[in-house]
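Each remark here refers to the structure printed beneath this line.
Only this structure's heavy atoms are used, side chains among them; waters, hydrogens and symmetry mates stay out. We're numbering straight along the sequence, starting at 1.
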Amino acid sequence: MDLSICIVSYQCKDKLRECLESLRAHRPTVEHEVIVVDNGSTDGTPEMLRSELYWARSILNPDNRGFSVACNQGFEASSGKTLMMLNPDTLLTHDAFDGLLRFVRERPWIGAVGPKLLQPDAQPEMSCREFPTLMNALWNLTGLSTAFSGSKVFGHLEMSWWDHAEPRAVDWLSGAAVMFTRTAWEKVGPLDEGFFLQGAELDWQKRLARQGFERWYLPTATILHHPGRSWTSKEADEVVPVHRAAFRYFRKHHGPLSSFVLRAMATIAALPKAVWYGLASVLWSRKEQTARRASTEWLLLRTALGVAPRGH
């Protein structure tokens, strides 16, 4: 088997159908398999996989075991020489697979390669990034990375200073669509299952870098991406796992002191925003919107302090 494509799904029946239909329309020219691991969806996904999309192999978990566990299940059941992690909120385009395959096969020193991801408005998504540091985390928490996204100083984390028009070796690639070799997977090992939803692909590519494998961005291969649709659309459920994963990542790769400093920075950043939006929800218009933002900031504050409920 040349290529194994693993898709992890949870409560995203319609998006998964669209993804698989686009995959079938733009299938790789090499021998391949598609493995869908569903994390206990109750929206009819298992029934759809059995009745409509039976050509894709499916692993149906009875409950939500998280992205890392499910992805590991998929790759453990695979047999491809090359592996691909793909989100169900993506739509495939012509030659995306074959272009990535050719690139990685011709360069055995490369462990992972990712395509250009396009947003629904056809604008490129910042899908390749630098490894997190306390400095670029500070720019992100304070909003300087957004305000001065074209700056090489403040735009480090998402490489937003660069036009993403040429192939380039990068630190790490978005897990929405990333291809890697079986050799790299076996040498580095499976995803760290301590990362429940976010951060697993970052951690894995950090380990990949330490093993001496390069990671490359290839803009000639394009995939459409509808971020945030594969799991949930609730703001708090999107941002809290990102922060929680960041604290774990810093503790694992930079030590407990760095993780503590990051928590302190996140606390200082969230507190004034929580107070501001809380007051705005009482005093000004758009009360529902600002109240929701205030609730999210308070939850982020509690996450940084380590007292947020595990349900978030």
Side-chain angles (χ1 to χ4, degrees), residues 117-121 123-164 170-176 197-199 201-202 225-229 231-251 253-254 257-308 312:
L117 296 179
L118 296 178
Q119 300 175 17
D121 60 0
Q123 292 300 308
E125 182 178 316
M126 301 295 101
S127 58
C128 49
R129 305 176 178 94
E130 294 188 3
F131 287 131
T133 64
L134 287 176
M135 186 62 72
N136 58 37
L138 176 62
W139 305 149
N140 193 47
L141 286 167
T142 57
L144 289 171
S145 60
T146 301
F148 303 101
S149 59
S151 165
K152 284 191 175 183
V153 174
F154 299 120
H156 264 215
L157 189 62
E158 293 190 341
M159 301 180 70
S160 54
W161 50 269
W162 170 50
D163 64 6
H164 293 65
V170 298
D171 280 352
W172 67 287
L173 302 146
S174 168
L197 175 58
Q198 302 284 352
E201 71 273 28
L202 163 61
H225 186 215
H226 298 269
R229 302 290 185 83
W231 292 88
T232 178
S233 60
K234 295 180 181 178
E235 185 180 26
D237 288 344
E238 291 176 357
V239 295
V240 170
V242 172
H243 282 68
R244 188 166 277 147
F247 302 144
R248 177 180 173 84
Y249 172 86
F250 271 83
R251 184 171 65 251
H253 293 285
H254 300 289
L257 179 59
S258 289
S259 181
F260 173 81
V261 172
L262 181 64
R263 285 182 179 273
M265 288 163 48
T267 299
I268 294 170
L271 181 57
K273 288 187 284 187
V275 173
W276 170 260
Y277 284 109
L279 290 173
S281 67
V282 175
L283 300 175
W284 296 338
S285 60
R286 298 184 179 179
K287 292 184 178 181
E288 182 178 347
Q289 180 180 345
T290 51
R292 186 168 61 249
R293 181 62 186 272
S295 177
T296 298
E297 294 297 340
W298 281 114
L299 186 54
L300 289 178
L301 179 61
R302 296 173 67 191
T303 301
L305 294 172
V307 296
H312 288 276

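- Contacts of A304 classified as side chain to side chain contact (heavy atoms under 4.5 Å, CB included), with partners at least two apart in sequence or in another chain: F247, A266, T267.
- To the nearest 0.5 angstrom, Q119 atom CD is 10.0 Å from S127 atom OG.
- S174 places a side-chain heavy atom less than 4.5 Å from the side chain of L117.
- Looking only at side-chain heavy atoms (C-beta outward), H243 and L300 come within less than 4.5 Å of each other.
- You'll find the side chain of E130 reaches within 4.5 Å of the side chain of M159, heavy atoms only.
- Contact check for F131 versus Y249: side-chain heavy atoms found under the 4.5 Å cut-off.
- Take I268 and apply the side chain to side chain contact (heavy atoms under 4.5 Å, CB included) test, not counting sequence neighbours, and it matches no residue.
- Counting only heavy atoms from C-beta outward, the side chains of F250 and P132 approach each other to under 4.5 Å.
- With rounding to the nearest 0.5 Å, the separation of CG in L262 from OG in S258 is 8.5 Å.
- Residues L271 and W298 are in side-chain contact: their nearest non-hydrogen atoms beyond the backbone lie under 4.5 Å apart.
- Shown here for A294 and G278, the closest heavy-atom pair between the two residues is CB-N, 3.5 Å.
- With sequence neighbours excluded, no residue forms a side chain to side chain contact (heavy atoms under 4.5 Å, CB included) with F260.
- For the pair F154 and L144, the tightest heavy-atom approach, listed with the atom from each and the gap, is CB-O, 3.6 Å.
- P120 and H225 make their closest contact through CD-O, 3.4 Å (heavy atoms, listed as atom of the first residue, atom of the second, distance).
- Taking all atoms of both residues into account, the shortest heavy-atom contact from L157 to R129 is O-CB, 2.9 Å.
- Identified under the side-chain hydrogen bond (donor to acceptor under 3.5 Å, both in side chains) test for residues 135-149, with sequence neighbours left out: T133-N136, N140-S145.
- Contacts of W162 classified as ring pair (Phe, Tyr, Trp, His ring centres under 6.0 Å), with partners at least two apart in sequence or in another chain: H164, Y217.
- Counting only heavy atoms from C-beta outward, the side chains of L173 and E201 never approach each other to under 4.5 Å.
- Note that CG of L141 and CE of M265 are 5.5 Å apart. Values are rounded to the nearest 0.5 Å.
- Under the salt bridge (Lys or Arg N to Asp or Glu O under 4.0 Å) criterion, R248 pairs with D192, not counting sequence neighbours.
- Between atom CD of residue E158 and atom CD of residue E125 there is a gap of 9.0 Å, rounded to the nearest 0.5 Å.
- Residue L257 holds its CG atom at 13.0 Å from CZ of R251, rounded to the nearest 0.5 Å.
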